[in-house]
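All values derive from a computational prediction rather than experimental measurement.
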Amino acid sequence: MEIHQKSENRIIIELSKDDMSTYKLDFSKIDYKSTETKQLINNILYKAEKELGKSFRLDNKMMIDVLPENDGGCIFLFTMSDTQKTNKSEIKNNYTLLMLEPHSLNALFLLAQQLKLHKDAIADCSLYSVERSKLFLIVKPYYLDSEKIAGILSEYGEVKGISPLKLSQIKEHGKLLSKNAITSLTL
């Protein structure tokens, strides 16, 4: 674990894959409502207080951003506010959902070959069929790689950002063809 204070109200805590496994967590399982996540946050803030010699008042608002690292670790960005907190607590998992409707089936296979070269930049990639004729590739690139992955996708079809609501609609009304589309399409 590495702890850095970037300003009076902002600290960055980097956790390795081993640090995360101590709490039986990885990026995809981080949810403020889970006991494991709450325990992790309390423990790392306690360690930051000891290391930095500063108290982080938990009665004030705190924004927590979480970024995945390619090695399986995570970066936690804590930003404290002087404003009193509300009962709503939220952690932002920083990835962008992208949806691609490929130009053709051949374009989809060629794209899968390209994405295989960048699989460390992608958290998830699923293929859905909607209305029996439309194919949609749903890609979750890691936040720092989202522009690069969007650029690659745009060469093979129409790319759109997708909201969690739209993803839910596709999952509800479409058919999942592959949960791991990169592997399935490049066998």
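Put simply, the side chain of Phe78 does not reach to within 4.5 Å of the side chain of Asp65, judged on heavy atoms. Residues Leu135 and Leu105 meet the side-chain proximity criterion, which asks for heavy atoms closer than 4.5 Å. Annotation: side chain of Val159 is not in contact with side chain of Met99 (no heavy-atom distance under 4.5 Å). Between Tyr23 and Leu15 there is no side-chain heavy-atom pair separated by less than 4.5 Å. Two residues are said to be in side-chain contact when any heavy atoms from C-beta on lie closer than 4.5 Å; Lys175 and Tyr128 fail this criterion.
In terms of heavy atoms, Phe76 sits closest to Leu40 at CZ-CD2, 3.5 Å. Across all their heavy atoms, Asp124 and Lys179 have their closest contact at OD1-O, 3.7 Å. In plain terms, the two heavy atoms of Met1 and Asp19 that are nearest each other are N-OD2, 3.1 Å. Closest approach of Lys29 and Thr37 over heavy atoms only: O-OG1, 3.9 Å. Counting all heavy atoms, side chain and backbone alike, Ile44 lies closest to Ile13 at O-CD1, 3.7 Å. Between Leu52 and Gln5, the closest heavy-atom pair is CD1-OE1, 3.8 Å.
Atom NZ of Lys38 and atom CG of Asp31 lie 9.0 Å apart (nearest 0.5 Å). Put simply, OG1 on Thr35 and CD on Gln39 are 8.5 Å apart, with the number rounded to the nearest 0.5 Å. The distance from atom CG of Asp71 to atom CD of Glu14, rounded to the nearest 0.5 Å, is 9.5 Å. To the nearest 0.5 Å, the span separating CG on Asn180 from OG on Ser126 amounts to 8.0 Å. For the atom pair CD (Glu49) and CD1 (Ile11), the distance works out to 8.5 Å, reported to the nearest 0.5 Å. One finds the CG atom of Leu108 at 11.5 Å from the CD atom of Glu101 (value rounded to the nearest 0.5 Å).
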CA sep, side-chain torsions, deciding dist, call: Cys74, Leu67, side-chain contact (heavy atoms from CB on, under 4.5 Å): CA-CA 6 Å; Cys74 287; Leu67 302 169; over 6 Å; no
Determine, step by step, whether Ile75 and Val66 satisfy the side-chain contact (heavy atoms from CB on, under 4.5 Å) criterion, reporting the C-alpha distance in whole Å, the side-chain angles of both residues, the deciding distance to 0.1 Å, and the verdict. CA-CA 6 Å; Ile75 299 172; Val66 183; over 6 Å; no
Go through the steps for Val130 and Phe136 under the test side-chain contact (heavy atoms from CB on, under 4.5 Å), then give the verdict. CA-CA 8 Å; Val130 179; Phe136 292 106; 3.6 Å; yes
Would you please test Ser28 and Asp26 for side chain to side chain donor-acceptor pair (under 3.5 Å) and show each step? CA-CA 6 Å; Ser28 66; Asp26 61 30; 2.7 Å; yes
Does His4 form a side-chain contact (heavy atoms from CB on, under 4.5 Å) with Glu2? I'd like the steps, not just the answer. CA-CA 7 Å; His4 313 278; Glu2 293 182 33; 3.6 Å; yes
Evaluation steps, side chain to side chain donor-acceptor pair (under 3.5 Å), between His173 and Glu131: CA-CA 8 Å; His173 300 291; Glu131 299 171 9; over 6 Å; no
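When the side chains of ILVMFWY residues are joined at heavy-atom separations under 4.5 Å, either directly or via intervening members, Val139 and Leu110 end up in a single hydrophobic cluster. A continuous path of Ile, Leu, Val, Met, Phe, Trp and Tyr side chains, each step under 4.5 Å between heavy atoms, connects Leu185 with Ile152, placing both in one hydrophobic cluster. Note on Leu177 and Leu98: same hydrophobic cluster, where clusters join Ile, Leu, Val, Met, Phe, Trp and Tyr whose side-chain heavy atoms are under 4.5 Å apart, directly or indirectly. Cluster annotation: Ile182 and Ile138 are assigned to distinct hydrophobic clusters (Ile/Leu/Val/Met/Phe/Trp/Tyr, side-chain heavy-atom contacts under 4.5 Å, transitive). Cluster membership for Met20 and Ile3, using ILVMFWY side-chain heavy atoms within less than 4.5 angstrom, is shared.
In this structure, the side chain of His103 engages the main chain of Gly157 through a donor-acceptor pair within 3.5 Å. Without hydrogens or angle criteria, Ser21 side chain to Asp18 main chain gives a donor-acceptor distance under 3.5 Å.
A side-chain contact (heavy atoms from CB on, under 4.5 Å) with Ile170 holds for exactly one of Ile162, Leu165, Leu176; it is Ile162. Of the residues Leu111, Leu137, Leu115, the one that meets the side-chain contact (heavy atoms from CB on, under 4.5 Å) test with Tyr156 is Leu111.
Taking 4.0 Å as the cut-off between side-chain N and carboxylate O, Lys160 and Glu158 count as a salt-bridged pair.
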